[in-house]
Every structure is written in structure tokens, then in C-alpha cells.
Protein chains: 2
Amino acid sequence: MKTELCKVDEALSILVGKWKPIILLHLFNENTLRFSELKRLMPNITQKMLTKQLRELEEEDIIERVVYPQVPPKVEYSISEYGKSLQPVLNVMHEWGSAHTQHMQGKRNEKILEQSQ
Amino acid sequence: MKTELCKVDEALSILVGKWKPIILLHLFNENTLRFSELKRLMPNITQKMLTKQLRELEEEDIIERVVYPQVPPKVEYSISEYGKSLQPVLNVMHEWGSAHTQHMQGKRNEKILEQSQ
DNA sequence: CTGCATCCTGGATGATACTG
DNA sequence: CAGTATCATCCAGGATGCAG
């Protein structure tokens with residue numbers, strides 16, 4: 001991998017955002033979700049942030065947004081065909097993240113053991 | 001992957017930082033680099049930021065920091081044994097990032113084509 | 001050479017109220 | 001229901017100067 005061509009940042013820029021990974025996870029799990037359903041699945045997110053993060057993911061072609069012309073409105077979100085290419089990336093990161101949590105827990109335990117001696 | 005156990009954020013938290021991916025890339029390429037060498041490889045980073053990002057990576061056990069008790073000081077950084085487990089993660093992200101750049105470029109070209117008709 | 005302390009700014013996130 | 005608008009907050013990152 002050439003230094004000048006490092007594209008890790010490109011992938012990061014898509015995934016970074018306090019709620020993007022969890023939004024993607026829900027959409028991968030459920031295929032299709034309405035705005036209000038996503039909101040319910042993430043009680044702590046504000047409407048503003050949910051809207052914003054969804055817009056950004058849509059902008060990058062990761063998710064699809066379908067508006068049904070109704071009253072009251074109905075909007076459905078789903079992973080785009082292209083967006084599915086992110087699945088393996090998320091999987092690798094998830095697995096490494098899990099391992100890392102355990103690794104660091106091990107480190108902490110070592111420290112406690114040292115101190116108790 | 002269970003929603004409650006999503007560890008993508010864990011991986012992200014390690015990699016996020018304006019200079020971390022590029023720092024890691026250099027260290028993977030060169031095995032060992034002094035502080036000043038890293039600085040030279042990244043002309044735009046400030047000393048403060050380089051120090052900070054290195055400290056954070058060290059904190060997470062990704063890199064190793066060796067201080068030689070000399071005057072003037074000499075400090076060498078390298079990827080830790082454990083840190084090498086990040087390589088495949090970075091590779092996957094780099095590859096997806098490259099593909100994404102092309103994908104979005106394709107999208108932009110489509111648009112230009114539409115407009116010229 | 002390596003690194004810390006201080007001050008500063010923009011952008012990401014949040015709280016809240018309002019709307020078609 | 002699915003947003004938008006406004007204001008407030010916080011922190012990563014940058015500029016600069018000092019130090020062992």
C-alpha cells in the first residue's frame with residue numbers, strides 16, 4: 001500500500017459520525033425502516049441528528065430513501081445495493097473491535113494483579 | 001451481529017484521528033521510525049498533534065515507544081506485536097475506500113453526462 | 001530532539017421549538 | 001410523521017512559545 005494512496009481515511013469519513021454505525025446495523029438487520037422506527041430503535045438520538053446522518057449516508061450512496069406521497073408522510077430507509085459492499089468492512093471492524101475490548105480488559109487485569117502483589 | 005454488541009465503534013475510536021491512519025501506514029512500511037522521521041514524513045502535522053496521536057495509539061497498545069536515554073533524546077516508534085492485528089482491518093478499509101472513490105467519481109460523471117444532454 | 005502548556009477556532013453534536 | 005430552524009455546548013485540532 002503506497003503512502004500517497006492511502007484510502008483508509010476515505011472509508012473512515014463515511015463511517016465516522018456518532019450514530020452511523022448503529023444506523024447501518026439496524027438497516028442491515030431489518031432491511032427497511034421508517035424514520036420513526038429508526039428513532040424508536042435509538043431513543044437517545046435527536047431528530048435533527050438522525051436526519052443529518054441519514055442524509056450523509058444517502059449522499060454517499062450507502063442508503064436509499066423512499067418517500068411515499070401521503071398524509072401523514074411516510075419515508076423508508078434501506079441499504080442500497082452498493083451499500084451492501086460495506087457489510088464485510090463493518091464485519092471486520094466489529095470483530096477486531098470485540099477482540100480489542102477483550103485485549104484491553106486483559107491488560108487492565110494484569111495491572112490489578114501487579115498492584116495486589 | 002447483535003445490535004447491543006456492536007463493536008464497530010470500538011474499532012473506529014482507535015482509528016479516528018486526523019493523522020492516525022497515515023502514522024500507522026508509515027510504521028507498517030518502515031517498521032521503526034524516530035519522532036523526527038515521522039515528523040518529516042508528515043510535514044503538515046504539528047509536534048503537538050504528532051505527540052498526542054502517538055500517545056493515544058500507545059495507550060491502546062497498538063504501537064510501542066522506546067526511549068533511549070541520551071542527549072539529545074532519541075525515541076523510536078514501531079507497531080507492537082498486538083498492533084499488527086490491525087493490518088487486515090486497515091487493508092479492508094483501504095480497499096473499500098479506493099473502490100468508493102471510484103464509485104462516487106462514476107456517479108459524478110453520470111450527472112455531468114445528464115446535464116450535457 | 002522530543003515534548004509539554006496555553007490559547008484559540010471551527011465543526012460536530014445536542015436542546016428545544018416550530019411546520020407541512 | 002418527518003422533518004426544519006435556532007441557539008447552545010463541547011472537543012479535536014491548530015498556532016505558538018517554552019523546556020529538559
Side-chain angles (χ1 to χ4, degrees), chain A residues 6 8-27 30-60 62-79, chain B residues 6 8-27 30-60 62-79:
Chain A
C6 177
V8 173
D9 288 324
E10 184 71 21
L12 277 178
S13 71
I14 310 302
L15 266 10
V16 168
K18 190 166 173 182
W19 306 93
K20 282 178 188 168
I22 188 74
I23 288 173
L24 292 174
L25 185 56
H26 284 306
L27 289 177
E30 308 287 338
N31 283 321
T32 297
L33 286 169
R34 298 183 57 171
F35 185 89
S36 53
E37 293 173 323
L38 279 165
K39 179 81 181 68
R40 212 172 314 123
L41 289 169
M42 297 175 283
N44 291 328
I45 196 175
T46 61
Q47 288 184 331
K48 174 190 162 185
M49 282 311 296
L50 183 51
T51 301
K52 192 187 172 204
Q53 310 259 309
L54 286 169
R55 287 288 186 288
E56 290 173 7
L57 290 170
E58 190 194 358
E59 196 71 26
E60 298 293 339
I62 309 297
I63 64 176
E64 269 175 15
R65 177 171 178 265
V66 179
V67 182
Y68 296 85
Q70 301 178 352
V71 178
K74 174 178 171 182
V75 181
E76 284 187 346
Y77 293 91
S78 58
I79 305 286
Chain B
C6 177
V8 172
D9 288 324
E10 184 71 20
L12 276 178
S13 72
I14 311 303
L15 266 9
V16 168
K18 189 165 173 183
W19 307 93
K20 283 178 189 167
I22 189 73
I23 288 174
L24 291 174
L25 185 55
H26 284 306
L27 289 177
E30 309 286 337
N31 283 322
T32 298
L33 285 169
R34 297 183 59 170
F35 185 87
S36 52
E37 293 173 322
L38 279 166
K39 178 82 179 67
R40 212 171 316 122
L41 289 169
M42 296 174 285
N44 291 325
I45 195 174
T46 62
Q47 287 183 336
K48 173 193 164 186
M49 282 311 296
L50 182 52
T51 301
K52 192 186 172 203
Q53 311 259 308
L54 287 169
R55 287 288 184 289
E56 289 173 8
L57 289 170
E58 187 192 1
E59 194 72 25
E60 297 294 340
I62 309 298
I63 65 176
E64 270 174 14
R65 176 171 179 267
V66 179
V67 182
Y68 296 85
Q70 303 178 350
V71 178
K74 172 176 170 181
V75 182
E76 284 186 345
Y77 294 92
S78 57
I79 304 288

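Remember, predicted model here, so these are calculated numbers, not experimental data.
Between A:E58 atom CD and D:dA2 atom C1' the separation is 14 Å, expressed in whole Å. B:K20 places its NZ atom 12 Å from the C1' atom of D:dG13, with the value rounded to the nearest Å. To the nearest angstrom, P of D:dA2 lies 13 Å from CE of A:M42. The CD1-P distance, from B:I22 to D:dG13, rounds to 15 Å in whole Å. Rounded to an integer number of Å, the gap from B:Q70 CD to C:dT2 P is 10 Å. Atom CE in A:M49 sits about 16 Å away from atom C1' in C:dT16, given to the nearest Å. Counting to the nearest Å, the P atom of C:dC1 and the CG atom of B:L33 are 15 Å from each other. The CG atom of A:L50 sits 12 Å away from the P atom of C:dG14 (whole-angstrom rounding).
For B:R34 and C:dG3, the shortest distance from a side-chain N or O to OP1 or OP2 is not below 4.0 Å. The phosphate of C:dG3 has neither OP1 nor OP2 within less than 4.0 Å of any side-chain N or O from B:K39. Dashed line: the shortest gap from a side-chain N or O of A:Y77 to OP1 or OP2 of D:dG3 is under 4.0 Å.
Closest to the side chain of A:K18, out of D:dG13, C:dG14, D:dT4, is C:dG14. Considering only side-chain atoms of B:F35, the nucleotide from C:dT2, D:dC1, C:dG14 that sits closest is C:dT2.
To the nearest 0.5 angstrom, B:L57 atom CG is 8.5 Å from B:L27 atom CG. Remark: B:R34 CZ to B:S78 OG distance equals 14.0 Å, nearest 0.5 Å. To the nearest 0.5 Å, atoms CG (B:L54) and CD1 (B:I23) are separated by 4.5 Å. Expressed to the nearest 0.5 Å, how far CG of B:L33 lies from NZ of B:K39 amounts to 14.0 Å. Interatomic distance, A:I79 CD1 to A:I63 CD1, rounded to the nearest 0.5 Å: 7.0 Å.
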Report all side-chain donor-acceptor pairs from residues 41-53 of chain A shorter than 3.5 Å, counting only partners two or more places apart or in another chain.
unit_1	atom_1	unit_2	atom_2	d
A:T46	OG1	A:M49	N	3.2
A:T51	OG1	A:Q47	O	2.9
A:Q53	OE1	A:W19	N	3.3
A:Q53	OE1	A:K20	N	3.4

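When heavy atoms are screened at a 4.0 angstrom cut-off, A:R65 is found touching the sugar-phosphate backbone but no base atom. Across all strands, A:Q53 comes closer than 4.0 Å only to sugar-phosphate atoms, never to a base (heavy-atom distances). When heavy atoms are screened at a 4.0 angstrom cut-off, A:E56 is found touching no nucleic acid atom at all.
Under the rule for a side chain to side chain contact (heavy atoms under 4.5 Å, CB included), B:S13 has no partner lying at least two apart in sequence or in another chain. Every residue meeting the side chain to side chain contact (heavy atoms under 4.5 Å, CB included) condition with A:E10, not counting sequence neighbours, appears here in chain and number order: A:K7, B:H100, B:T101.
Both B:S36 and A:W19 lie close to DNA chain C; mapped to their nearest nucleotides by heavy-atom distance, the more 5′-ward contact belongs to B:S36. Between B:I45 and A:R55, the one whose closest nucleotide on DNA chain D sits nearer the 5' end is A:R55.
When the C1' atoms of four end pairs are superposed on the next four at each end of the helix from C:dC1-D:dG20 to C:dG20-D:dC1, using five pairs per end, the two resulting axes differ in direction by 50°, to 10°.
Counting only distance, with no hydrogens or angles, the side chain of B:E59 and the backbone of B:E56 share no donor-acceptor pair below 3.5 Å.
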Each nucleotide of nucleotides 15-20 of chain D classed B (base within 4.0 Å of a protein heavy atom), S (only sugar-phosphate) or -, in 5' to 3' order, makes B----B
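The stretch residues 62-72 of chain B participates, sequence neighbours left out, in these side chain to side chain donor-acceptor pair (under 3.5 Å) pairs: B:R65-B:Y77, B:Y68-B:E76.
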